[in-house]
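Okay, so here's the structure we're looking at.
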Amino acid sequence: MTSAAFLRTIPAAVLLPEFSAAFDTTLPRAAVPDLALGLEGIELHFGGIRALKDVSLDLRAGEIRAVIGPNGAGKSSLVNVISGLYRPDRGRIVLNGRAFAHVPSQRLPQLGVARTFQNLALFPGLTVAQNIASGWVFRRRFGLLAHLAGLPAARRETRSVDDRVDQVAAFLGLSSHLDRPVATLPYGLQKQVELARALVAEPRLLLLDEPMAGLTATEKAEMTGHIRAVRESLGLAVILIEHDIGVVMDLSDRVAVLDHGSKIADGTPAEVRRDPDVIRAYLGAEAA
Ligand SMILES: Nc1ncnc2c1ncn2[C@@H]1O[C@H](COP(=O)(O)OP(=O)(O)OP(=O)(O)O)[C@@H](O)[C@H]1O
């Protein structure tokens, strides 16, 4: 099955964009032109646990911004707030020039945001091409009915999905694997397929949740090269959640450090590395 044919099998409920009630809470349009993402005073509670405490963060277009911190510091909570899975108790999120009290997750692709997951979230029974194509689903302009009716514009869109899959696969060196079932690929290549799936939606902001987890040293070097290329060739802004401090310091323009839900440091890798609070809370002997 081609990736275009695969897209035709996706249920209408998935293809028809839902407009979340959260969008109704949109605040006035923000006015910082090269701001890819802004978090202002984010608070998030789970019962008695304060997972995020007054966290503010900005990300400029074309910037790689790492968020690090010990286990339980709040990194995943932050990504889930940005991607609309969690609704913050306070604060606002600025995306694509609009400010939200709660990001409408169904509209993330339209807002130019794509993400990868800490644990692989691929469709194991599908090919590499089909998995990559699935990233385009929520960007489609035409619904299932237009495709079933064979409207020319819908047909052109379907054809263009195959081109996009080919281009992204070539960009990441995955072209020779396109027809293979994704589950037969080594883990490192599967992580690259996840990156390809995020890129096919043509985002402006990429959320990478532990892209190096489970990779060998060689695979990490390859993934590092891809992330750098994503920024340099495509100009994307990247939020990087990563435990591998070597990778973080090598790749990032700026690093924010969370500890117990609070941002305790924010600066260039060199600044963060010598920050006494960071050394105490997180980096320890590694930074010494
Ligand atoms: N769905 C949830 N329900 C209840 N508590 C949660 C939930 N998600 C996170 N927490 C709590 O919020 C705090 C922050 O957790 P979070 O997963 O964001 O940290 P993290 O920095 O991503 O940790 P790790 O590096 O281990 O993934 C922790 O105390 C955690 O137990």
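Whatever order the structure lists them in is the order used to number ligands and atoms, beginning at 1.
Ion pair Lys263/Asp277 not flagged as a salt bridge, since none of the NZ, NE, NH1 or NH2 atoms sits closer than 4.0 Å to an Asp/Glu carboxylate oxygen. The residues Glu219 and Lys191 are annotated as not salt-bridged, no charged nitrogen and carboxylate oxygen being separated by less than 4.0 angstrom. For the pair Asp275 and Arg280, the salt-bridge criterion is not met [side-chain N within less than 4.0 Å of a carboxylate O]. Ionic pairing of Asp209 and Lys75 is not present here: no N-O contact between side-chain nitrogen and carboxylate oxygen is shorter than 4.0 angstrom.
Closer than 4.0 angstrom to ligand 1 by heavy atom are Phe46, Ile49, Ala51, Pro70, Asn71, Gly72, Ala73, Gly74, Lys75, Ser76, Ser77, Tyr86, His243, sorted by chain and number.
Residue Val248 forms a side-chain contact (heavy atoms from CB on, under 4.5 Å) with just one option from Ile241, Ile68, Val272, and that option is Ile68.
A side-chain donor-acceptor contact under 3.5 Å links Arg115 and Asn80.
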